[in-house]
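First up is the structure itself, then whatever we jot down about it.
Computation of the quantities below employed the complete heavy-atom set of this structure, encompassing side-chain atoms and omitting hydrogens, waters and symmetry-equivalent molecules. Residue numbers start from 1 in every chain, and the chains themselves are labelled A, B, ... in the order their sequence lines are given, proteins ahead of strands.
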Amino acid sequence: MLQLAVDIGWGWTLAFKTVLVLAVVPLAALVLGYTFLLKMMSHMQSRLGPMDPGGFHGWFQLVGDGIKFLQKEDVMPAEADRRVFAIAPAVVVISTFLVFVVVPTGPKLVVENLDVGVFYALAVSSLSVIGVLMAGWASANKFALLGALRAAAQLIAYELPLLLAVVGVVVQAGTMSLQGIVHAQQAGSIFGWHGIGFPFILTQFVGFLLFLVASQAELTQTPFDMPVAESELVAGYMVEYTGFRFLFFFIGEFGTAFAFAALAATLFLGGWSLPWVHGAAADLLGIPVLFAKLMLVAFLMFWVRFTYPRLREDQLQSLAWKFLIPIGLANILVTGIFKVAF
Amino acid sequence: MVAENVAFWIIAAAMAGAAIGVVRTQNVVHAALFLVVVLAGAAAQYILLAAEFVAWVQVLVYIGAIVILFLFGIMLTRAPMRGDTELDNDQRWIAAVTALFVLGVLVFLLVDAFGDRAIKVDDSLRAVGLSQHVADSIFRTYVMPFEIVSMLLLAALVGAVAIARRD
């Protein structure tokens, strides 16, 4: 990190990186939850909600809610499988933490630049399904179990389009490392013009749309929120959770939304790179640039969330298997042909 | 090297404990969850051996898909909250003998074949574990076996659909 990178030994480096990720995830969840869930939705739907706490537009409300959650009694259903019930939210949140490890925010600013970066991110994000299934089953509640089953069916179905959407980018960049993908976009050119590099959204627009739709389903956001459908299942797999365990699910949901928006910004919009900025300046500007890009992507995701009604369960499955997966495969084929031909 | 050995034994002990949990527990769902620990331990061992790509394939395929299908199937058919005692049968001694026999054969084979070789985790080993190297060997050196396995899996998939369809 600039010239800060004094060699402090791997133990301290590891500890520093762990604390960094642990601090960033709740903050990310807070930022998305405040900006979009509390403010954007309330203004779009003309129901403002609390506008006073903290002064500006009630920004302190979510922090207050978090403190309130921590004080609540830890309620557990009498019939629940106590240990599984307790571990489930942690599994969901750990999966979110692990995704953040590979997202690069500058030429040197990345927690761990894995060779298989984007593949790793999708692999660990799939772990949250186990937490959801554990939560739904251990709650000893019919609604919770139904919600968990819906979630599992949905997350398995939409993992495929998500992976297929990413393959197009990987083929074009020639690497799975997220840092490598950013560099490939930075070094590229549009018909010989090097002005803004080559953001992959130009050729992978189909992949970008696929990624957005599939990540919307992975995040179980409206119009794909059947697992938590409040009018049918109360709150699905979360129905028995209160207090800080519920807070874990909240952090998991919005933290993962943040991570997926960051992934989409990195894969399709050039990540931390800014035209004409290189070296140490890119390290300094990387974080705000990536943040701006990912907020743009998150805006699109939440815009859809607050606008469209919920799909039916069979519509959800046929959308994934009959439309998104064939489109994803065709996209890979076309990308491959162009890659070989040019 | 010491750190790797310590990590190996910690993970191995956790895996062995969880594996015993898989067969000892009276609850099918708990067995599937113990299996998650075993498979995650295997992935961790792959990372210790610098086989990063294989490790994350293990996570995505086995934990992210296969165990979830196990859990899905168990919960869709019957999701027992309490232990099923009828999970046990009277073959436990035969099973124990078989397990010990397989363990003995495997240990003997591995020690006999690789016992005098020490694995050095250096850059050349890391290069072998990179996804580029794995892709090269699958799609260049071993492309025929890879294609044959793909066809076999496709045939199995079509067969499964044909059996499951009732019309």
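Atom OG of A:S177 sits about 10.5 Å away from atom CG of B:L130, to the nearest 0.5 Å. From B:F70, atom CZ reaches atom CD1 of A:I130 across 11.5 Å, with rounding to the nearest 0.5 Å.
Residues B:H30 and A:V84 form a side-chain contact, since some pair of their non-hydrogen atoms from C-beta on lies under 4.5 Å apart. In this structure, A:V129 and B:L71 have side chains that are not in contact, with every pair of non-hydrogen atoms separated by 4.5 Å or more.
Closest heavy-atom contact between A:A152 and B:I68: CB-CG2, 4.4 Å. Residues B:G64 and A:S126 come closest through the heavy atom pair CA-OG, 3.6 Å. Smallest separation of non-hydrogen atoms from B:L60 and A:L122: CD1-O, 4.0 Å. Nearest heavy-atom pair, B:S131 versus A:V116, reported as atom, atom and distance to 0.1 Å: CB-CG1, 3.8 Å.
If you measure heavy-atom distances from A:A148 to chain B, you find no contacts under 4.5 Å at all. Residue A:I156 touches chain B through its side chain alone, counting heavy-atom pairs closer than 4.5 Å. Of the two parts of A:L133, the backbone and the side chain both hold a non-hydrogen atom closer than 4.5 Å to a non-hydrogen atom of chain B.
Residues from residues 39-57 of chain B that place a non-hydrogen atom less than 4.5 Å from a non-hydrogen atom of chain A comprise B:E52, B:F53, B:W56, B:V57, given in numerical order.
The neighbour count for A:F249 CZ, taken as heavy atoms of other residues, nucleotides or ligands under 6.0 Å away, is above 12. By the 6.0 Å contact criterion, NZ on A:K142 is open, its count of non-hydrogen atoms from other residues, nucleotides or ligands being 12 or less. The environment of CD in B:Q132 is sparse: at most 12 heavy-atom neighbours from other residues, nucleotides or ligands sit within 6.0 Å.
With chain A as the partner, the residue from B:L69, B:L33, B:V36 showing the most heavy-atom pairs under 4.5 Å is B:L33.
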